[in-house]
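Computed from a predicted model, the values in this text were never measured in an experiment. Both ligands and their constituent atoms are indexed starting at 1 by order of listing.
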Amino acid sequence: GKRFLGIIATPLVSQSGYLVLVQDLSELRRLEKVRRDFVANISHELRTPITSLKLLTETLQEGAASDPDVAAGFIDKIHLEVDKLAQLVTELSDLSAIESGQAVLNLQPGDIRTAIKLAAERLSPQAERAGIILGVELPETLPRVRLDENRVEQVLVNLVHNAIKFTPKGGKIKIGVRTQSQTLVVYVTDSGIGIPEDDLTRVFERFYKVDKSRSGGGTGLGLAISKHIVQAHGGSIWAESVYGKGATFSFSLPLA
Ligand code: ADP
């Protein structure tokens, strides 16, 4: 956009005359827009499940509750919407703790095997239900990295969970590692719907979803949180994809 320079501070008098503080206002404007969009996004993300809950409970009140089968279906839907709200609140408080530097990482030299195994174990029932093969391929010995095991597991759960959400039945997901210039690179690759090239960096932005109609019911916060966690380790995270054929999410951790 246009750059705009302006005076935003009261001039300070010094011996040599005035010291004028000039700052790039376009950056302040951009940050203000980011903040406004953030609030608008949260409102939208909260309103969607709340609207559903209102409709579901009203329909129950209007008589749907008298048929036990119908009522059970409604209650399942209510449960899902409440879960969505709970997830949003958890992710928001996670994100704000990490962004404000309140979430202190417990970095220890260690092996990434446990984090990968735990993440894969946690999500394999879900992969199975979705008809997707989830595989882990690790070398016998792994170089040690400095990591907060729980946080790295959280990143892996996010990546594998996404891979499951965006991969149709019959697809495959693989978790693997490789060493690359003083880092260990961990990747999660899937044979799913993929990501258009223009969106490959944007998916790490808060609330960003490639396609709202097939967003898989997520909040759009998982990758933003993952990015913060990886950066707090001194690593980086990136996505590659052949649109329509699958996506690969990788992150690097410095070797211990
Ligand atoms: P959420 O999954 O909750 O929507 P994320 O921040 O984890 O939020 O992901 C942001 C968006 O990135 C998703 O909505 C989806 O559009 C895209 N995305 C993430 N992972 C994948 C993947 N493995 N394949 C295709 N698209 C993906």
Tell me, please: is Gly194 in heavy-atom contact with ligand 1, that is, under 4.0 Å? yes
My understanding is that only residues two or more places apart in sequence, or in another chain, count here; which of them pass side chain to side chain contact (heavy atoms under 4.5 Å, CB included) with Pro168? none
Identify whether the distance between the nearest side-chain nitrogen and carboxylate oxygen of Lys77 and Glu81 falls below 4.0 Å. no
Pairing of Asp37 and Lys33 as salt bridge, 4.0 angstrom limit: yes
With Glu137, which of Arg113, Arg178, Lys174 fulfils salt bridge (charged side-chain N to carboxylate O under 4.0 Å, His left out)? Lys174
I need the contact type for Lys165 against ligand 1. Using non-hydrogen atoms and a strict under-4.0 Å cut-off, is it side chain, backbone, both or neither? side chain
Pair Phe251 + Tyr187: ring centers closer than 6.0 Å: no
Mark up the atoms of ligand 1 that fall under 4.0 Å of a heavy atom belonging to Tyr208, in ascending order. 10 (C), 11 (C)
Asp190 contact mode with ligand 1 (heavy-atom cut-off under 4.0 Å): side chain
Sub-4.0 Å atoms of ligand 1 with respect to non-hydrogen atoms of Leu221: 6 (O), 8 (O)
Other ILVMFWY residues reachable from Leu118 by side-chain steps of under 4.5 Å: none
For Lys209 and ligand 1, does the shortest N/O to N/O distance drop below 3.5 Å? no
Does one side chain, of Gln154 or Asp94, offer a donor that lies under 3.5 Å from an acceptor on the other? yes
Subset of ligand 1 atoms that lie under 4.0 Å from at least one heavy atom of Phe249: 19 (C), 20 (N), 21 (C), 22 (C), 23 (N)
Does Thr219 reach ligand 1 with a nitrogen or oxygen that is under 3.5 Å from one of the ligand's nitrogen or oxygen atoms? yes
Leu200, Leu223, Val188, Ile195: member with heavy atom nearest to atom 26 (N) of ligand 1: Ile195
With a 4.0 Å cut-off on heavy atoms, is Asn158 touching ligand 1? no
Is Glu99 salt-bridged to Arg206, going by a charged N under 4.0 Å from an acidic O? yes
Val210 neighbourhood, listing ligand 1 atoms whose heavy-atom distance to it stays under 4.0 Å: 16 (O), 17 (C)
